[in-house]
K.L.:
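One structure coming up, written as structure tokens, with questions to follow.
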Amino acid sequence: MFEYPACMADRATILHADLDAFYASVEQLLDPGLRNTPMAVGSGVVLAASYEAKAFGVSGGMSTRRAKELCPHLKMVGGHFSEYQRLGDAAIDIMKDFTPLVERISIDEAFLDVAGSIHLLGSPTDIAITIRRRVKDELGLPVSVGIARTKHLAKIASQVAKPDGLLLVPADRELEFLHPLPAELMWGVGPVTKARLAEMGIRTIGELAEAPGRSLERLLGAAIGTKLGALAWNSDPRAIEQHHSVSSVSAQSALGRSPVSDELIERTIRHLADRVASRLRAKSKAGHTVTARVRFADLRSVTRSVTLPAAVSVTPIIAEVAESLVRSALHDHPDVHEVSLLAVGVSGLAMESALQLELPLHLEGERIRPGTEAGSSRWVLDKAVDEVREKFGKRSIGYASVVLDESRAVPDEFRELAEH
DNA sequence: TCTGGGGTCCTAGGACCC
DNA sequence: TCTGGGGTCCTAGGACCC
């Protein structure tokens, strides 16, 4: 554990807590036979690797075949996804004992602002030590914590602290800590941006900080260039956000290499639309824009979207619209005969309760019984179909049966949780 | 190395309106 | 009326995150 002297902490009150190799750690917790051995969660793809496996170079996102090449004794296990949710929730609950200002950013990760807790619970370092001990004692899981004055820096600190570590960056030593680190540790720098920065001779955050803002913006775009410049000087003080609402809901299904057929498209899209629609309704939301994505066998992908005059949240409507969008996309690529993935999304979300007040006004002129569920759905469906026909041609969409296929090749819970 | 699923944000061009 | 400028919305694609 590496830590700067606590007396210099000053105003570093943001914690970033991140459970280590979360899925893999849970599996090792559930099955003692997996402890201290290189193992990973996943089937065709590594979703999460234990630290013993990471030592061999195995990492998330890697194909199982590649992982076995690197680590011949690697044990692959399927996931216990409901356990991940339960233990992730439990870890967050422990953090909430220390401050109400908890911003959860994924199943296994959260920011905390403990500024208001110091006089009762001790310094941010004391709080972080206690959180780490409680998560270990009560749940049996390792969690790393970074402490700094800003969220971005706290997150970098937790990455540097891993595995099973704690790192405080004092407010008066931020740039001293930040600038020697590689640029790709920054939030928002992935493989493409890393390569572009390397072209400019930029490899560390310090080199990025010294680069002229204008050349960064030219190279990376105005928004990203400006943002990275601010992050490199640690001058991006975002506050903890306890409630952020989702702005889109989507579902996708990988299909290997599947020959295009009406049957495949209908069955897959209806299943995806059902998943999206049910999640929308669970949140009491509906959305104006329906998007469909088709990935071809060669991994190129195209998207088609349409914005409707009314927000939708009903399975058959989303299915009909998405299906027509898929057909439109395939129509534009007549050379394509195999697809490897289909996706359906709904965005432009609004609360459903607010929307239903508006609907009857439109329904009056449509000779549909206002206010009834069936009438509203039918009206929106007709409008949606009209909209799509206008944009993509009359033959692009028809009223197919809306019987849903409930068969599900992959357990849904497998789809909803993911970690890298 | 091309293999999973669910998200966010940004960009650029075009349509449309005033 | 073809001559200016600005704002907003929509669509498609891309990078990135966990």
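First the proteins, then the strands, lettered A, B, ... as listed; each starts at 1.
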K.L.:
Can you find a side chain N or O atom of A:R196 that sits less than 4.0 Å from OP1 or OP2 on C:dC16?
P.N.:
no
K.L.:
Does a nitrogen or oxygen in the side chain of A:R300 sit under 4.0 Å from OP1 or OP2 of B:dC2?
P.N.:
no
K.L.:
Compare the minimum distances between each of B:dT11, C:dC17, B:dC2 and the side chain of A:R65, then state the nucleotide with the smallest one.
P.N.:
B:dC2
K.L.:
Look at the aromatic rings of A:F81 and A:Y23 and report parallel, tilted or perpendicular, splitting at 30° and 60°.
P.N.:
perpendicular
K.L.:
Does A:S63 make a side-chain N or O approach to OP1 or OP2 of B:dT1 shorter than 4.0 Å?
P.N.:
no
K.L.:
From C-beta outward on A:T193, which listed nucleotide comes closest to its side chain: B:dT8, B:dT1, C:dC16?
P.N.:
C:dC16
K.L.:
Between A:T307 and C:dT11, does any side-chain N or O lie under 4.0 Å from OP1 or OP2?
P.N.:
yes
K.L.:
Scan A:G190 against the nucleic acid and name what it touches under 4.0 Å (heavy atoms): base, sugar-phosphate only, or nothing.
P.N.:
sugar-phosphate
K.L.:
Output the single nucleotide from B:dC2, B:dG6, C:dC17 whose closest atom is nearest the side chain of A:W187.
P.N.:
C:dC17
K.L.:
Hey, does A:M186 have a side-chain heavy atom less than 4.5 Å from the side chain of A:I205?
P.N.:
yes
K.L.:
Compute whether any side-chain donor of one residue and acceptor of the other, for A:S313 and A:R281, lie under 3.5 angstrom apart.
P.N.:
no
K.L.:
Could you tell me whether a side-chain N or O of A:R35 sits under 3.5 Å from a main-chain N or O of A:Q28, the two making a donor and an acceptor?
P.N.:
yes
K.L.:
Check the phosphate of C:dC16 against A:K227, side-chain N and O only, distance under 4.0 Å to OP1 or OP2. Yes or no?
P.N.:
no
K.L.:
Taking 4.0 Å as the cut-off, does a side-chain nitrogen or oxygen of A:S305 come that near to OP1 or OP2 on C:dA12?
P.N.:
yes
K.L.:
Compare side-chain N and O positions of A:S247 against OP1 and OP2 of B:dT8 and report whether any pair is under 4.0 Å apart.
P.N.:
yes
K.L.:
Check whether any side-chain nitrogen or oxygen of A:S106 sits under 4.0 Å from OP1 or OP2 of B:dG7, and answer yes or no.
P.N.:
no
K.L.:
Looking at C:dC16, which nucleotide sits across from it as a Watson-Crick or G-U wobble partner, both distances under 3.5 angstrom, or is there none?
P.N.:
B:dG7
K.L.:
What's A:A343 touching, base or sugar-phosphate or nothing? Going by heavy atoms closer than 4.0 Å.
P.N.:
nothing
